[in-house]
Novice: 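Handing you a structure now.
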Amino acid sequence: MAAKYISREKLPEWLKALAAERRVLVPVEEGGSVVFRAYDPARAPVFGSDATAPPKGAVFPASQELFSYACGKEGEDANPTLKLEAHTEATPTVVFGSKPCGARGFLIFDRVYMGKKYPDPYYIAAREATVFVTMACDRVENTCFCHWVGSGPADAAGSDLLLTPVDGGYLVEAVSDKGAPFLDSPVLADGAGKTAEAEAVKAKAREALGEAPDIADAPKALLGLFDDLEFWRDQSDKCVSCGACTYLCPTCYCFSITDEGAGLAGKRVRSWDACMHFQFTLEASGHNPRPTKAHRLKNRVGHKFSYYPTLHDGLIACCGCGRCVKSCPVSVDIREIVQNAVAKAKA
Amino acid sequence: MSRLEELKTRIREALPGLECVIGWQQGYDALHNTPLFMRSDADVDKLTWGVLNVHNPAVYLPTMAGKKVGVVVKGCDSRSVVELLQEKLIDRDNVVIFAAGCDGVVDLTKVKAKLAAAGVSAGNAEKVATDGKTVSVTAGGQTVAMPLAEVCADKCLRCQFPNAVLADVFVGDPAPQPTPNPTGNADLDALDAMSVDDRMAFWRYHMDRCIRCYACRNACPMCVCRDHCIAQSREPHWLSQEDSVTEKLMFQVVHAMHLAGRCTECGECQRACPMDIPVLALKKHLNRTIHDLFNYQAGVDVAAIPPLLQFKLEEDNIKERGW
Amino acid sequence: MRIGVFVCHCGSNIEGTVDTGIVAKTALDFPEVVFATDTMYACSEPGQDGIIQAIKDKNLTGVVVASCTPRMHEPTFRRAVERAGLNRFMFEMANIREHVSWIGKDREANTNKSVDLVRIAVEKLRRDAPLIPSKFSVNKRVMIIGGGVAGIQAALDCADGGLEVVLVERDSSIGGKMAKLDKTFPTVDCSSCILGPKMVDVAQHPNITLHAYSEVDAISGYVGNFQVQVKKKATYVDWELCTGCGACMEKCPSKKNPDVFNEKIGPCTSINIPFPQAIPKKAYIDATTCRQFVKGKCGVCAKVCPTGAIRYDMTDEIVTEDVGAIVAATGYDLFDISKIAEYGGGRYPDVITGLQYERLLSASGPTGGHIKRPSDGKEPKNIVFIQCVGSRDKSLDRPYCSGFCCMYTAKQTILTKDHIPDSQSYVFYMDIRAPGKMYDEFTRRAMEEYGARYIRGRVAMVYPKGDKLMVRGADTLAGTQVEIEADLVVLAAGAEAAKGAPQLAEKLRISYDKYGFFMESHPKLKPVETNTAGVYLAGSCQGPKDIPQSVGQGSAAAAKVLALFSKDMLESDPQISRVDIKRCVGCGKCIMTCPFKAIKEVEFRGQKKAEVIETVCQGCGICTSTCPQGAIQLSHFTDNQILAEVNALCQS
Amino acid sequence: MPVLTGKELRIVGFLCNWCSYGGADTAGVGRFNQPTDLRIIRVPCSGRIDPLFIAKTLIGGADGVLVSGCHPRDCHYAEGNFYARRRLEVLKRFLPILGIDPGRFDYTWVSASEGQRWQKVVTVFTEQIHALGPAPRFDAVAPELLAKIAGAIGQGGNRVAA
């Protein structure tokens, strides 16, 4: 399909048109952070650098009411009637202006929640209702490592439309069937003349990342270090066990479920969970199979670079966005840990 | 010998008797230092001392209880150590405190803003140079020089203790006492100037983006409940896991109230926040209250009792309202 | 859970302004409520039977009664649900009478509010757990602290009841203030004649161990099992050998020391037996005046003592006494009259306290029972008594009435007339407080038969004029100023808490008021109990009292101890704090703030943890609000219960 | 039907069992008329009242919170109200920085015999809350106010513009 072009000046018009029909989430600045919020013409989106928080919540909200319940009571009847109402409906949404890594994260989700074995209706509904209009990176940061995990600054995997910054505006390409109809928008101009420039931008960004180290042995290396607690102690010494890395990770999909009741009514809530928290594996007995942060960090790195890829055709459960590195209060660097593991296995 | 070299020497001497010594080293790029756990002489070589040592290493001490460890501290960090000792959360015999005079550390948020204003992305930092007065950051081939006073942490602007209040090994000359700079309190001043309703809107605005990662809590050296925090328990069940502003704000109230009279204003809660939420203002406000009411400041006296764990029969500054 | 709700009409007390039928019907909509009804009088026998029947018929596992205040009938209903086979803690009350029906007439608002109160009671009950008291044994020994008349009475009653008694007295002899009195009102019988036999009984009773010249140093433990460290102060005389012969006192060269027993109006020797009837009648040396100690040489008493009892090298000794109950009977001290400069107390030797006057009246006193004024030994003719010196005076922070001064002043005017028939007594008073049996008649007799002149008004000042004292004051009844030329001025100094009372209270873990008097558990219904189980009060340590009241309290406290000890095992109140050992981080903040020392640090698998001492915990919950991670929870008032109540009120 | 719409506001009381709850009883026994808004939660001691209960209640939607305990030195547990006094005072001074009017929370001391004082306290406090009106809620801040605050905070300025 032919590529289109939109100038920076026209962008608000397109966003307004999109927002007229569905929820449009764009990155905006909020108190020094960049977060995805519903498009408001009065608030200029921030497309330059990657958002502080990825658009994970668009499909997988930080907390989500799975269903609500209400007990009816009839006099002295000890067995009240129970009314359940599930909330699987999803809001049609366009996530506009995420970096490719943010959208790519959902590929890792999809294999878990859209598999045959345990399809997750909530996720599926939201995923299907969401279109990702991503923006290829024209520059990279010290924390970027998408090229380590088989991705890149213009990775279209997981996206529906891909925008590439070019002089004066963006080249707009449809990169999925879901994205194609959006090219019909009258706001978009023909982009044929801009494709070469766009390719150059992509190439330049890719080049800026440099060479990725060879981490092909990571799955085996990490598994081999499973019982090497001293190694994990050294890697995790500085970790403070917060959930910043997991909650900001576009690929972390773990959740917890709690019931919140008040009187005769209540709801079941699914909320993000973080494997870095002590409570993640805390059992009712008080026993915890991952009692220390070393155990937990081992799991996080191991899961992303070993256990998950082993189960899922080698797909690394990491999109290389670098948020876990950048937002970590103590700069724990997952790249360093993976490399240390590979090196240790070699030695 | 520079402070750093002397520190390294003294740490190397002490290391054989210690599980480890906690300090700082350069992190993933020139702008980011990261905590360092020194267990060997090679580790000690990595130690840094300077404006990028933003973290408070005292946070690790309670988790290492029972082991004899060393910790390198700035003046502010030492107050956390004092507070931990005071609350018997660590054992004096099990901690060796290494310190040197501190000339201040940067607030990376301010540095990033300066860089952004110069059209430079902090994400491309290549080199950082300091001369005590100026911080020069080179990123993307460009060098931006910024006065330390303009990019240092707020706490440094109001620093009372540039030299550790408690140290076993203090190297070099003590740092001079900086002149307090009122802009170090700009956050609280701004809140003070708001109406009550505006403050509610302020917190509603900021807490909305909280991701409940609890970095504020886990980076706090005084948050010793850690794994047993009431924010994540059902018994007791103070908070639900819902992503609502009230739950998120309530946690900040929990954190602040649990710190009342214990907080040394090290600022780690706010520094750690990946979403840049100005949560320190709440603790600053409480500290001011604690000071007004009880003429007390945390983290300066190992023998003191936190004011909310004691009382006076007649309180000097609490007046009951009339009806 | 299967909850039953019973909404009481209380006749028309509640039903008058609350639609109890609607409250009951609405309660049926609350979670886990399977039965709800309104009832005429829930507390009556049929009412209680109705609850018991419903528990059985409906298989209820928890009960809410909405009626009066739980401070009234909670125990009643708890017993009722217990009779029906439930744990008595599976019960909650909603106070819809005192807090609803009696304070407003808006039936709609009251009904609505009652529903809310039932709602929170249900939410709390849903989170209640059965609590089971544990049993522990009782050490049937009792310690009485203070050997005044109240303590003596308590000691004798306990001892007669078969208990082992340990009596601790700060001074070298028991007897307290009463031993210093000449006569007692309103019967005017000799104080030492009626007290003496009781003191002798104490000395001779096989069940009583007396530690005189001793003080309580530290107290640990709990009801049934206290450990008390008693400091036996050095007397420098071996009391095993001392026979009380008094030879040492005769020869002691240091004779001019103020005699504390005589309220410092007479001298005494450094080695001293305070008064002839002292129990134990043993000598002790005041090391602050004794030449052997002050100058390092003397040794006269050691030379003259026929039994060789003098021990200059004696030191304080700590003995530990294990007891099951403690009675505090530490009495009172007198207001320092020198604090009122205008009366001249402390400046003019002939301005004295009423107790000093008692010593002047007493045959065993420094003047041998002849009234001689301190300055020149002359017999006074005009004697002015000033009432309420350090009592009923807000400006001195002594707003309370000392109670017994009106009466002893009346007695002293009568005795004065008896001693010096041509004397004239004047009494400046505010009001006459004479509410006891035969008391008012007694004061009238002082005025009418003995001619004491009572002047209602305050004295402005006392000043010397020659060898007289001019007393200038107001006669508010006559509306005039009066000035009286007095030979002696007797101040009715008010009663104050005994010195060291607050410190002792802290050791006993009992409360005391701002004046230092110990707090009883309830001012009307628990006058001799304290809020620390196993600690009782007798006499003026609780507040100023006269002799009959003190004796009555001594007996009352003894009765309480005997009742406590009538069981071999005690049950602890299970409504106490409990530690979730998994959550506890061992920071010890609960230990710091517990007012009862009821939490101790223990080692558990190498980690520090808090542990509640069940029998000591009083259930205040300070620990629960202190523990940041909620690891210590007060049963029946857990965080989750209070949060559930809050949520029920906020979310509904 | 929690509070009567238009008539009552949501006022929650935390009272110690021994003094203030008894004082409220005494007020009832004396038939001292009081506004009906207040709902009392009984706790053993004012020292049991974690200030966080009050914060939770106010953030949770109550319009006012009243705490009452024994007068200083009269605590049934000797020291509970002394701790409470410090903690409650700290909380009271903390509330305004959160955006909660400090007038929505008060604490006081009422003994079991002070029925009249209790009546006065409840009446004055209820009037005070009615004067303040229904409490604004964090989860319902007016969009205009939010926009005003967002504007005042401005852009963080630490990102490189596109």
Side-chain angles (χ1 to χ4, degrees), chain C residues 26 68-72 93 95 97-106 108-110 112-113 115-117 119-120 124 505-506 509-514 519 521-523 531-532 575 593 595-596 618-622 624-626 630 634 636-637 639 642-643 645-652, chain D residues 1-4 7-8 10-12 14 16-18 21-22 24-45 47-54 56-62 70 72-80 82-84 87 112-113 119 122:
Chain C
T26 316
C68 50
T69 172
R71 285 163 53 90
M72 174 98 77
M93 271 181 98
N95 182 350
R97 192 178 73 178
E98 285 84 346
H99 291 189
V100 181
S101 73
W102 277 352
I103 59 167
K105 295 199 166 58
D106 182 335
E108 185 197 11
N110 282 356
N112 184 54
K113 180 173 174 181
V115 168
D116 248 10
L117 296 184
R119 184 201 317 276
I120 63 173
K124 180 160 186 272
E506 280 157 23
R509 303 186 299 265
I510 61 175
S511 315
Y512 52 98
D513 67 17
K514 65 182 289 198
M519 297 283 287
S521 200
H522 189 282
N531 290 333
T532 298
Q575 203 172 305
T593 53
F596 305 100
Q618 304 282 307
C620 65
I622 295 171
T624 311
S625 50
T626 299
L634 174 62
H636 223 67
F637 289 96
D639 281 353
I642 297 172
L643 285 168
E645 292 177 85
V646 166
N647 290 340
L649 290 176
C650 285
Q651 288 170 359
S652 58
Chain D
M1 48 173 196
V3 291
L4 290 177
K7 232 183 196 176
E8 288 180 344
R10 210 182 289 259
I11 304 177
V12 179
F14 294 91
C16 84
N17 177 58
W18 301 98
Y21 196 93
D25 286 348
T26 305
V29 172
R31 311 296 201 275
F32 300 150
N33 256 317
Q34 294 156 49
T36 54
D37 311 46
L38 178 74
R39 311 288 192 257
I40 292 171
I41 293 176
R42 183 169 70 126
V43 292
C45 175
R48 170 69 189 92
I49 303 167
D50 191 328
L52 292 173
F53 285 130
I54 296 147
K56 177 93 179 159
T57 310
L58 288 170
I59 292 176
C70 305
R73 293 176 195 268
D74 283 359
C75 177
H76 181 82
Y77 303 103
E79 297 175 355
F82 289 130
Y83 288 109
R87 296 169 184 186
S113 60
Q119 176 193 35
V122 173

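Side chains are part of it too, since the values below use all heavy atoms of this structure and drop only hydrogens, waters and symmetry mates. To find a chain, count down the sequence lines: A is the first, B the second, and so on, and within it residues start at 1. A quick note: this is a predicted structure, and the numbers were derived from the prediction, not measured.
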Novice: Checking heavy atoms, do the side chain of C:Thr593, its backbone, both or neither come under 4.5 Å from chain D?
Specialist: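 For C:Thr593, heavy atoms of backbone and side chain both lie under 4.5 Å from chain D.
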
Novice: Using modelled atom types and a 3.5 Å cut-off, is there a donor and acceptor pairing between side-chain atoms of C:Arg71 and backbone atoms of D:Asn17?
Specialist: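 Pair found, side chain donor or acceptor close to backbone of D:Asn17.
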
Novice: Can you say whether the rings of D:Tyr77 and D:Trp18 are parallel (under 30°), tilted (30 to 60°) or perpendicular (over 60°)?
Specialist: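 Taking D:Trp18 first and then D:Tyr77, their aromatic rings stand perpendicular (interplane angle over 60°).
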
Novice: Could you look at D:Tyr83 and say if it's the side chain, the backbone, both or neither that has a heavy atom under 4.5 Å from chain C?
Specialist: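 It is the side chain, since no backbone atom gets that close.
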
Novice: Which region of C:Ile120, side chain (C-beta onward) or backbone (N, CA, C, O), has a non-hydrogen atom less than 4.5 Å from a non-hydrogen atom of chain D, or is it both or neither?
Specialist: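 The answer is the side chain of C:Ile120.
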
Novice: Tell me every residue that passes disulfide (SG to SG under 2.5 Å) with D:Cys70, counting only those two or more places apart in sequence or in another chain.
Specialist: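 Testing D:Cys70 for disulfide (SG to SG under 2.5 Å), a comparison that skips the adjacent residues, returns D:Cys19.
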
Novice: Select one option (side chain, backbone, both, neither) describing which atoms of D:Ile49 are under 4.5 Å from chain C's heavy atoms.
Specialist: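 Just its backbone gets close to chain C.
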
Novice: Under a 4.5 Å heavy-atom cut-off, does chain D meet the side chain of C:Ser101, its backbone, both or neither?
Specialist: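 For C:Ser101, no heavy atom lies under 4.5 Å from chain D.
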
Novice: Could you walk me through whether C:Thr69 and D:Arg42 pass the side-chain hydrogen bond (donor to acceptor under 3.5 Å, both in side chains) test, one step at a time?
Specialist: CA-CA 11 Å; C:Thr69 172; D:Arg42 183 169 70 126; over 6 Å; no

Novice: Given a strict heavy-atom distance threshold of 4.5 Å, which part of D:Ala27 is in contact with chain C: side chain, backbone, both, or neither?
Specialist: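 Contact with chain C: backbone only.
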
Novice: The criterion is salt bridge (charged side-chain N to carboxylate O under 4.0 Å, His left out); which residues satisfy it with D:Lys7, sequence neighbours excluded?
Specialist: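 Counting only residues at least two positions away or on another chain, D:Lys7 forms a salt bridge (charged side-chain N to carboxylate O under 4.0 Å, His left out) with C:Asp106, C:Glu108.
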
Novice: Under 4.5 Å from any heavy atom of chain C, what part of D:Tyr21 do you find: side chain, backbone, both or neither?
Specialist: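 Its backbone and side chain both get close to chain C.
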
